[in-house]
2 protein chains.
Amino acid sequence: MVNESYHHENLKSELIKNGLKLLDEEGYENFSLRKVAKACGVSHTAPYRHFRNKDDLIIAITLKAEHKFNSSLQEAINSYPNDIKSQIKEMGYTYVKFFVENPEYLRLLFRSDLKKHLNNENCKILKDNVQPFGTFYNTIVRYQSENQSNDAGSITDLNALVLACWGLVHGIAVLISTKDFVYEGDYLELTRKILWSETFL
Amino acid sequence: MVNESYHHENLKSELIKNGLKLLDEEGYENFSLRKVAKACGVSHTAPYRHFRNKDDLIIAITLKAEHKFNSSLQEAINSYPNDIKSQIKEMGYTYVKFFVENPEYLRLLFRSDLKKHLNNENCKILKDNVQPFGTFYNTIVRYQSENQSNDAGSITDLNALVLACWGLVHGIAVLISTKDFVYEGDYLELTRKILWSETFL
DNA sequence: CCAACAATGTTTACGATGTCAACATTACAA
DNA sequence: TTGTAATGTTGACATCGTAAACATTGTTGG
């Protein structure tokens with residue numbers, strides 16, 4: 001091996017790692033392939049040996065971010081082993097907290113335009129790995145099966161219940177992290193107040 | 001007047017109009033100043049006589065989009081003149097419907113990174129014109145003042161109630177329009193089911 | 001009426017970016 | 001060992017945002 005720095009060895013994972021870091025530090029708008037390449041100490045077209053284009057790298061980064069997100073949700077669930085209602089509340093709180101602390105991840109995990117350009121392979125990969133959504137969904141399913149509410153007027157349609165729960169926490173996360181909801185107090189405390197009220201579940 | 005096409009007259013409003021159109025047609029990612037300029041039949045730097053930079057034009061477009069959005073919400077409210085509960089439900093439904101039908105507007109109206117770069121003037125302009133948020137907020141305020149619920153466990157904190165209602169509809173809108181919530185049926189029907197249940201208000 | 005001047009539009013130029021083609025280097029398998 | 005695939009580099013090109021210098025037009029005070 002004459003020039004030991006020519007082949008970077010595991011450049012692919014390095015690109016993903018530095019890409020995620022760059023995304024955190026400089027934001028989605030200022031993310032560029034060339035910066036990621038430079039961060040890896042490699043020429044500006046080297047990424048094209050591992051990813052077909054910019055979006056392809058972003059998708060890979062997204063999968064990593066989704067994994068981190070899912071770990072947070074699972075951890076929340078595990079903290080209430082035998083109380084499914086608390087599991088949901090804690091999971092919701094964690095959901096909001098995660099995106100408030102990592103605003104850029106919202107751009108990553110919820111990009112409508114990205115899904116349009118997905119080819120079949122990538123689409124399948126995304127579906128298979130969308131663990132956060134599976135986690136959320138499955139928890140609600142368990143809640144409903146254990147808790148057959150016969151209250152008149154409550155949401156009985158499973159899909160409606162999932163959309164309502166998921167939508168609530170997602171919307172709260174977005175409004176806080178985009179600073180569209182202006183409030184002088186503690187956002188997370190307000191979130192806790194909502195999720196632990198009787199109105200929600 | 002030798003060359004009658006030199007001065008475009010009201011280029012500013014033309015740029016905003018064509019910009020919004022371009023945004024609708026090609027999406028946020030493919031939006032460029034030069035395309036807008038070309039659409040107006042003008043050189044690629046002409047926009048700089050009316051906007052300081054790209055973001056400045058986008059802000060102007062955002063204000064126009066916000067106005068359209070707000071009109072929709074107001075219309076929904078007006079359709080139930082004396083029933084504030086129905087006003088909120090209908091407004092929420094309209095909120096979701098609007099963004100499902102205009103997915104790009106989500107990128108416009110809820111951009112965290114944009115607000116970071118705002119100077120004081122633009123920030124004030126945005127605040128003053130953020131009618132949708134004012135509309136939403138005021139409606140909830142009226143609801144709470146007319147409807148002093150003493151139910152144990154219900155949300156009594158005004159800010160919490162606003163964040164919950166707003167977050168719910170916003171989250172539903174995002175999840176549907178980004179196609180993250182996958183469902184084989186009618187999304188808007190599901191939304192209606194949620195908002196008209198007793199669980200929500 | 002006309003001479004400044006402000007407003008508005010154009011030309012040119014530069015650096016950053018995504019991406020492609022051609023080439024160089026290395027690893028590995030026959 | 002030799003050829004071929006994998007991986008990295010160089011160079012080029014089009015698009016983009018943006019600044020500087022210049023051109024044209026509308027307006028206004030003398």
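Proteins get letters first, then strands, A, B, ... in listed order; numbering begins at 1 in each.
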* Asked: Parallel under 30°, tilted from 30 to 60°, perpendicular over 60°: which one fits the rings of Tyr105(B) and Phe98(B)?
  -> perpendicular
* Lys54(A) has a side chain; which of dG9(C), dG8(D), dT19(C) sits nearest to it? -> dT19(C)
* Asked: Between Tyr95(A) and Phe99(A), is the gap from one ring center to the other below 6.0 Å?
  -> yes
* Asked: Roughly how many Å is it from CZ in Arg52(A) to P in dT7(D), rounded to a whole number?
  -> 16 Å
* To do: Name the closest nucleotide to the Tyr48(B) side chain, picking from dT17(C), dT7(D), dT18(D).
  => dT18(D)
* Structure fact -> Of dG17(D), dG9(C), dT19(C), the nucleotide closest to the side chain of Arg34(B) is dG17(D)
* To do: Could you tell me if the ring centre of Trp166(A) sits under 6.0 Å from that of Tyr137(A)?
  => no
* Structure fact -> Taken to the nearest whole Å, CG/Asp56(A) to P/dC20(C) is 12 Å
* **Euclidean distance, atom CG of residue Leu57(B) to atom P of dT18(D) [Å, nearest integer]** => 11 Å
* In terms of side-chain heavy atoms of Thr45(B), which of dA19(D), dA21(D), dG18(C) is nearest? -> dA19(D)
* Asked: When we call it a touch if two heavy atoms are under 4.0 Å apart, what does Ser43(B) touch: a base, just sugar-phosphate, or nothing?
  -> base
* Would you kindly give the CG-to-P distance between Asn10(B) and dT8(C), to the nearest whole Å? => 11 Å
* To do: Take Leu11(A) and Phe31(B), find for each the nucleotide of DNA chain D with the closest heavy atom, and name the residue whose nucleotide sits nearer the 5' end.
  => Leu11(A)
* To do: Name the nucleic acid region contacted by His44(B), choosing base, sugar-phosphate or nothing; use a 4.0 angstrom heavy-atom cut-off, strictly under.
  => base
* In whole angstrom, what separates Glu14(A)'s CD from dG8(D)'s C1'? -> 15 Å
* In whole angstrom, what separates Leu33(B)'s CG from dA19(D)'s P? -> 11 Å
* To do: Tell me whether the OP1 or OP2 atom of dA7(C) has a side-chain N or O from His50(B) closer than 4.0 Å.
  => no
* What's the closest nucleotide to the Arg49(B) side chain, out of dG17(D), dT18(D), dA21(D)? -> dA21(D)
* Asked: If you look at every strand shown and take non-hydrogen atoms under 4.0 Å, does Lys35(A) touch a base, only sugar-phosphate, or nothing?
  -> sugar-phosphate
* For Asn30(A) and dC16(D), what is the distance between atoms CG and P respectively, to the nearest whole Å? -> 18 Å
* Figure out the NZ/C1' separation between Lys38(B) and dT10(C), and round it to whole Å. => 15 Å
* Asked: With a cut-off of 6.0 Å (strictly less than), are more than 12 heavy atoms of other residues, nucleotides or ligands near NZ of Lys17(B)?
  -> no
* Asked: How are the rings of Tyr183(A) and Tyr187(A) set to each other: parallel, tilted or perpendicular (split at 30° and 60°)?
  -> perpendicular
